[in-house]
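Throughout, residue positions are numbered sequentially from 1 according to the sequence presented. Only a predicted model underlies this, so the values are computations on that prediction, with no experimental measurement involved.
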Amino acid sequence: MDLRMDIVVEYFPYFMQGMGLTILMSVVGVLMGCILGFFIALGKMSSIFIVRLPFVWYINFLRGTPLLVQLFLFHYAVLPTVLGSTTAITSVMVTLSLNSSAYVAEIFRAGLQSIDKGQAEAAHSLGMNKFQVMRHVLLPQAFKRSIPPLGNEFIVLLKDSSLGAMIAAQEILYWGRAAAGQYLRVWEPYIMVALMYLVLTLSLTYLLNYLERRLDVK
Ligand code: ARG
């Protein structure tokens with residue numbers, strides 16, 4: 001097997017562009033996922049059944065159906081209907097954000113519920129109201145405990161953004177498929193694609209390890 005380096009060289013700039021888009025889409029996904037996920041976690045923790053119900057089903061749906069199916073549903077049906085039109089990048093960002101929010105909601109809920117009940121009771125007895133207990137006692141600790149699973153979530157999103165190639169979002173895998181199609185070669189394009197993702201996920205892993213050490217997450 002001889003590798004054609006000229007293909008790698010020709011497509012390298014496109015792969016770099018694709019990498020930029022992959023990073024952008026997953027950063028947006030994880031940030032929006034965190035913001036939405038926070039409120040969904042609070043909703044799901046409500047003590048009122050009827051308030052809890054829509055949040056429970058939001059999470060059930062997004063975790064219980066394949067991400068690729070969600071992407072097609074949003075790209076071809078939901079977003080064109082709601083917004084009038086959509087682009088591949090918009091659809092990927094929206095789908096990743098919503099999908100991630102369901103997983104992040106469970107991460108936050110687990111984090112909040114892992115804090116010993118006695119802490120909230122103690123804070124209440126000091127005269128704090130529900131909001132203050134949440135803001136000053138529960139959230140800072142829960143957030144710290146959520147950092148490792150949130151890091152995993154980021155890595156998952158980075159890789160799953162490759163599904164965007166299925167609706168022609170010009171991320172890394174899109175360019176791999178383009179190169180494979182142009183030259184009818186499979187080794188060079190897909191090795192390149194794999195290496196690009198590996199570089200991204202390994203960098204992120206190191207970054208997260210560093211962050212965990214800095215914040216002294218236990
Ligand atoms: N790839 C799986 C799916 O198609 C899992 C998606 C995981 N998403 C996440 N945000 N952790 O459903």
Side-chain angles (χ1 to χ4, degrees), residues 1-34 62-80 85-104 107 147-212:
M1 182 190 73
D2 50 333
L3 287 181
R4 278 190 53 188
M5 288 314 281
D6 59 310
I7 299 179
V8 175
V9 173
E10 182 191 336
Y11 267 89
F12 193 73
Y14 297 109
F15 279 123
M16 292 312 282
Q17 245 173 285
M19 200 184 225
L21 187 57
T22 291
I23 295 173
L24 175 74
M25 293 192 306
S26 16
V27 168
V28 169
V30 83
L31 284 182
M32 292 302 295
C34 282
L62 287 166
R63 290 202 309 175
T65 55
L67 185 53
L68 181 60
V69 173
Q70 293 165 18
L71 186 61
F72 285 167
L73 192 62
F74 279 99
H75 185 62
Y76 296 117
V78 177
L79 293 179
S85 69
T86 181
T87 64
I89 299 177
T90 310
S91 300
V92 174
M93 286 183 184
V94 170
T95 310
L96 285 184
S97 302
L98 295 180
N99 181 274
S100 180
S101 71
Y103 287 88
V104 170
I107 293 175
I147 289 175
L150 283 180
N152 283 339
E153 180 63 22
F154 198 171
I155 291 177
V156 168
L157 281 192
L158 209 76
K159 294 187 296 174
D160 281 0
S161 68
S162 60
L163 290 173
M166 297 300 109
I167 58 168
Q170 302 186 343
E171 43 67 78
I172 299 173
L173 181 59
Y174 171 92
W175 290 112
R177 283 161 56 92
Q182 181 179 346
Y183 289 102
L184 300 178
R185 306 269 305 181
V186 283
W187 282 96
E188 300 85 352
Y190 293 122
I191 288 178
M192 276 295 280
V193 170
L195 284 179
M196 294 253 155
Y197 281 108
L198 198 59
V199 167
L200 288 180
T201 51
L202 287 184
S203 318
L204 194 56
T205 307
Y206 283 119
L207 199 75
L208 288 165
N209 285 344
Y210 171 77
L211 199 72
E212 283 177 28

Verify side-chain contact (heavy atoms from CB on, under 4.5 Å) between Met166 and Phe72, making sure each step is shown before the conclusion. CA-CA 9 Å; Met166 297 300 109; Phe72 285 167; 4.1 Å; yes
Yes or no on side-chain contact (heavy atoms from CB on, under 4.5 Å) for Thr86 and Tyr76, after CA distance, side-chain angles and deciding distance? CA-CA 9 Å; Thr86 181; Tyr76 296 117; over 6 Å; no
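Side-chain atoms of Val199 and Ser203, non-hydrogen and from C-beta on, do get closer than 4.5 Å to each other. Residues Leu67 and Leu96 meet the side-chain proximity criterion, which asks for heavy atoms closer than 4.5 Å. The shortest distance between side-chain heavy atoms of Val8 and Leu3 does not fall below 4.5 Å. Contact annotation: the side chain of Leu204 approaches that of Leu208 to within less than 4.5 Å [non-hydrogen atoms, C-beta and beyond]. You'll find the side chain of Glu188 stays beyond 4.5 Å of the side chain of Tyr183, heavy atoms only. Using a 4.5 Å heavy-atom cutoff, the side chains of Leu24 and Met93 are in contact. Taking 4.5 Å as the limit, some side-chain heavy atom of Ser100 sits within range of a side-chain heavy atom of Val104.
Within a 6.0 Å radius of CZ in Phe12, other residues, nucleotides and ligands contribute 12 heavy atoms or fewer.
Between Ala88 and Ile167, the shortest heavy-atom distance links the atoms CB-O, 3.4 Å. Across Ile155 and Thr205, no two heavy atoms sit closer than the pair CD1-OG1, 3.7 Å. Of all heavy-atom pairs spanning Phe154 and Val27, the tightest one is CZ-CG2, 3.7 Å. The two residues Pro80 and Phe74 come nearest to each other via the heavy atoms CD-O, 3.5 Å. The minimum heavy-atom distance linking Ala165 with Arg177 is given by the pair CB-CD, 4.4 Å. Taking all atoms of both residues into account, the shortest heavy-atom contact from Leu62 to Asn99 is O-ND2, 3.3 Å.
Summarising the geometry, atom CZ belonging to Phe15 is positioned 10.5 Å from atom CD belonging to Glu10; distances are rounded to the nearest 0.5 Å. For the atom pair CD1 (Ile89) and CD (Glu171), the distance works out to 10.0 Å, reported to the nearest 0.5 Å. For the atom pair OG (Ser101) and CD (Glu153), the distance works out to 9.5 Å, reported to the nearest 0.5 Å. Note: Leu200 CG to Met19 CE = 4.0 Å, rounded to the nearest 0.5 Å. Remark: Leu173 CG to Tyr197 OH distance equals 5.5 Å, nearest 0.5 Å. Atoms OG1 and CE, on Thr201 and Met196 in that order, are 12.5 Å from each other to the nearest 0.5 Å.
Side chains of Thr95 and Gln70: no donor on one and acceptor on the other come within 3.5 Å.
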